[in-house]
Asker: 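Below you will find the structure I want to go over with you.
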Amino acid sequence: MEQTLHLSSADQSAELAISNGTIPAKDLRAFSTPDGPLATYDPGLLNTAAVKSSVSFIDGDAGILEYRGYPIEQLAENSTFLEVAYLLLKGELPNPAELAEWERDINEHRLLHENVKQVIDSLRYDAHPMGKMMAAVSSLHTFYPDSRVLDSPQARTRNSMRLLGKMPTIAAWAYRHSLGRHWVYPDDDRGYVDNFLHMMFHQNEKRRQMDPRLERAVEILFILHAEHEQNCSTTAVRTVASANNDLYTSTVAGIGALYGPLHGGANEAVLKMLREIGSVDNVPEFVEGVKSGKGRLMGFGHRVYKNYDPRARIIKAAADDVFEVTGVNPLLAVALELEKIALDDEYFISRRLYPNVDFYSGLIYEALGLPPEMFTVMFAVPRTAGWLAQWEEQVTDPEQKIVRPKQIYTGHRGLTYPDASA
Ligand code: CMC
């Protein structure tokens, strides 16, 4: 059924066509107001669709997430991260031959130019690894100037594969730099996740293999974190790309946005919060504090999900497998109690606040022996696949324009510069 929105005032009227549940915002300009043409005011872009995308789909009320049409539960159960990255970037699942070629291509790009070491090395050992990652990624376009040639599909694909291949190396080196350990180079015989864990944790042993259950848990976490439509970091990537920027420069914006504690930084904040709470007995008092405005329950709530985040459910199950190997993290009891009390409490029920992807992921990363500062890095590595898919859509979509929102000006006008002699 075709719908139109009818706007009217004493002296004007306008008909706005509704399509895909939206009106073209620029058509509002036909309607004039005492302050100029009509526009929308939407802090945080709560109710504004700024792009058309076929990468992922979320139904926040039903708790559904799909990548290119495939439910996240099926992907987490059946696929590998690189297979999901292929799906996100190419639009379809690969057949076995395509997957083998893709894995070869990505893994060929794992090495970093030796000068990137110096970029990381120039920072303090205790600099936050997200800062090290931003510095390293921001340098990459200078090594690969072909990345600035946006109208070459071959250059775009080549650089996408490069970045996907290099992100684990950057993350692992950022981590080892903080420990003062030697750099571990990629191992050609290992797959994407196995090699990443190897580059982070290798010491002097000839060949160390992590328990396959731990490796699979990281693979699942990577699949779950790979993409999430127009979230804050993806919007940052698209905004920088809208000025015709290369994918490295655009991705740095995404890493910066993800670093924030309201976004990907929440997994680090969750662990700090659980440590502060300390024991199950302290949970009720902590929840009361949140309700009275003393901070937020980190790892809870979501702009889009008004139901249990489907990723949190899968992570909770993956955590059980990890704890079978590592022993139970004592903070799990605090997290479970927190979830139980919050899900039963009118404050959280009425605001439809449920655990999100970050609530349990930190407990897994801690069980692997990673410090909290690395948690958001563990998010950034797989999210790169989603950023790259969205970057590609942004720079090839003829309807897209340089991002340049309007403002409501609230300052002074036309002041006279003070006369110094007066
Ligand atoms: N703890 C306590 N109260 C909350 C929380 C929370 N975690 N989240 C939202 N609220 C309350 C908020 O105070 C407000 O209450 P009131 O209506 O009385 O003012 C109401 O719920 C709506 O909150 P909002 O800030 O308008 O919601 P938003 O959609 O702008 O924010 C959010 C979404 C994810 C930033 C927010 O829920 C939050 O800060 N959560 C904690 C941080 C977190 O876990 N972030 C990770 C998000 S998932 C992974 C990712 O995308 O990176």
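One-based numbering, in listed order, for ligands and for the atoms of each. We use all heavy atoms of the structure for the numbers below, so side chains are in, but hydrogens, waters and symmetry mates are not. Residues: numbered from 1 along the sequence shown.
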Asker: Classify the contact between Tyr347 and ligand 1 as side chain, backbone, both or neither, using a heavy-atom distance cut-off of under 4.0 Å.
Answerer: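 Contact part for Tyr347 vs ligand 1: side chain (C-beta onward).
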
Asker: If you take the centroid of each ring, where Trp contributes its six-membered ring, are His225 and Phe81 closer together than 6.0 Å?
Answerer: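 Ring centroids of Phe81 and His225 are no less than 6.0 Å from each other.
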
Asker: Between the side chains of Asn231 and Ser233, does any donor sit under 3.5 Å from an acceptor?
Answerer: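 Judged by distance alone, the side chains do pair up.
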
Asker: Should the pair His177 and Trp183 be assigned to parallel (<30°), tilted (30 to 60°) or perpendicular (>60°) ring geometry?
Answerer: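 Parallel, since the angle between the ring planes stays under 30°.
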
Asker: Looking at atom 5 (C) of ligand 1, what's its closest protein heavy atom, distance included?
Answerer: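 Answer for atom 5 (C) of ligand 1: Leu353 CD1, 3.8 Å.
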
Asker: Residue-level breakdown please: for His228 versus ligand 1, do any non-hydrogen atoms fall below 4.0 Å on the side chain, on the backbone, on both, or on neither?
Answerer: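 Neither part.
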
Asker: Just to confirm my output: which protein heavy-atom neighbour is closest to atom 1 (N) of ligand 1, and how far is it?
Answerer: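 The protein heavy atom lying closest is Leu297 N, 3.0 Å.
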
Asker: Is Val270 touching ligand 1 with its side chain, its backbone, both, or neither, if touching means heavy atoms under 4.0 Å apart?
Answerer: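 Neither part.
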
Asker: Using the rule salt bridge (Lys or Arg N to Asp or Glu O under 4.0 Å), only one of Glu393, Glu392, Glu229 pairs with Arg238; which is it?
Answerer: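 When Glu393, Glu392, Glu229 are each tested with Arg238, the salt bridge (Lys or Arg N to Asp or Glu O under 4.0 Å) holds only for Glu393.
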
Asker: Taking only heavy atoms of Gly264 into account, list the atoms of ligand 1 that are under 4.0 Å away from them.
Answerer: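 Atoms satisfying the 4.0 Å criterion: 52 (O).
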
Asker: Please work out, at 4.0 Å between heavy atoms, whether the side chain, the backbone, both, or neither of Arg351 comes within that distance of ligand 1.
Answerer: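 Under 4.0 Å from ligand 1, Arg351 contributes side-chain atoms alone.
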
Asker: To the nearest 0.1 Å, how far is atom 30 (O) of ligand 1 from its closest protein heavy atom, and which atom is that?
Answerer: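 Its nearest protein heavy-atom neighbour is Arg303 NH2, 2.9 Å.
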
Asker: Answer side chain, backbone, both or neither: which part of Asp358 comes under 4.0 Å from ligand 1, heavy atoms only.
Answerer: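 The answer is the side chain.
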
Asker: Nearest to atom 45 (N) of ligand 1, what protein heavy atom do you find, and at what distance?
Answerer: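 Answer for atom 45 (N) of ligand 1: Leu262 O, 2.9 Å.
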
Asker: In the protein, what heavy atom is nearest to atom 32 (C) of ligand 1, and what distance, to one decimal place, separates them?
Answerer: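 Nearest neighbour among protein heavy atoms for atom 32 (C) of ligand 1, to 0.1 Å: Arg296 NH1, 4.3 Å.
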
Asker: Counting only heavy atoms, tell me which of His302, Met298, Lys291, His225 gets closest to atom 48 (S) of ligand 1.
Answerer: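 Closest candidate by heavy-atom distance is His302.
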
Asker: For atom 43 (C) of ligand 1, what's the nearest protein heavy atom and its distance?
Answerer: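 Protein heavy atom with the smallest distance to atom 43 (C) of ligand 1: Ala266 CB, 3.5 Å.
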
Asker: Could you check whether Trp173 and Tyr185 have their ring centres less than 6.0 Å apart?
Answerer: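 Yes, close enough.
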
Asker: Would you call the rings of His128 and Tyr259 parallel, tilted or perpendicular, taking 30° and 60° as the class edges?
Answerer: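 Plane angle between 30° and 60°, so tilted.
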
Asker: With a heavy-atom distance limit of 4.0 Å, tell me whether Val357 approaches ligand 1 through its side chain, its backbone, both, or neither.
Answerer: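 Side chain only.
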
Asker: Hey, are Arg156 and Asp151 close enough for a salt bridge, meaning a charged N less than 4.0 Å from a carboxylate O?
Answerer: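 No.
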
Asker: What protein heavy atom is closest to atom 50 (C) of ligand 1, reported as residue, atom name and distance in Å?
Answerer: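 Sorting protein heavy atoms by distance from atom 50 (C) of ligand 1 puts His263 ND1, 3.3 Å first.
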
Asker: Between Glu337 and Lys340, is the closest basic N to carboxylate O distance under 4.0 Å?
Answerer: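 Answer for the salt bridge query: yes.
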
Asker: Under a 4.0 angstrom heavy-atom cut-off, which atoms of ligand 1 come close to Gly299?
Answerer: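 That gives atoms 43 (C), 44 (O) of ligand 1.
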
Asker: Is any side-chain heavy atom of Thr326 closer than 4.5 Å to one of Leu214?
Answerer: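 Yes, side chains in contact.
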
Asker: Using a distance threshold of 4.0 Å (strictly less than), state whether atom 3 (N) of ligand 1 has a protein heavy-atom neighbour.
Answerer: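 Protein heavy atoms within 4.0 Å of atom 3 (N) of ligand 1 - there is at least one.
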
Asker: Does the protein put a heavy atom less than 4.0 Å from atom 26 (O) of ligand 1?
Answerer: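 No, there is no protein heavy atom closer to it than 4.0 Å.
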
Asker: Backbone, side chain, both or neither: what part of Leu46 comes under 4.0 angstrom of ligand 1, heavy atoms only?
Answerer: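 No part of Leu46 is near ligand 1 at this cut-off.
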
Asker: Any donor-acceptor pair under 3.5 Å linking the side-chain atoms of Arg68 with those of Ser56?
Answerer: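 The criterion, which ignores hydrogens and geometry beyond distance, is not satisfied for Arg68 and Ser56.
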
Asker: Can the ring centroids of Phe359 and Phe300 be said to lie less than 6.0 angstrom from one another?
Answerer: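 Ring-ring flag for Phe359/Phe300: true, centres closer than 6.0 Å.
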
Asker: Do Gln209 and Asp194 have side-chain N/O donor and acceptor atoms under 3.5 Å apart?
Answerer: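 Note: Gln209 and Asp194 side chains meet the donor-acceptor criterion.
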
Asker: Among all the protein's non-hydrogen atoms, which is closest to atom 47 (C) of ligand 1, and how far away is it?
Answerer: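 Ranking protein heavy atoms by distance from atom 47 (C) of ligand 1, first comes Asn356 ND2, 3.6 Å.
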
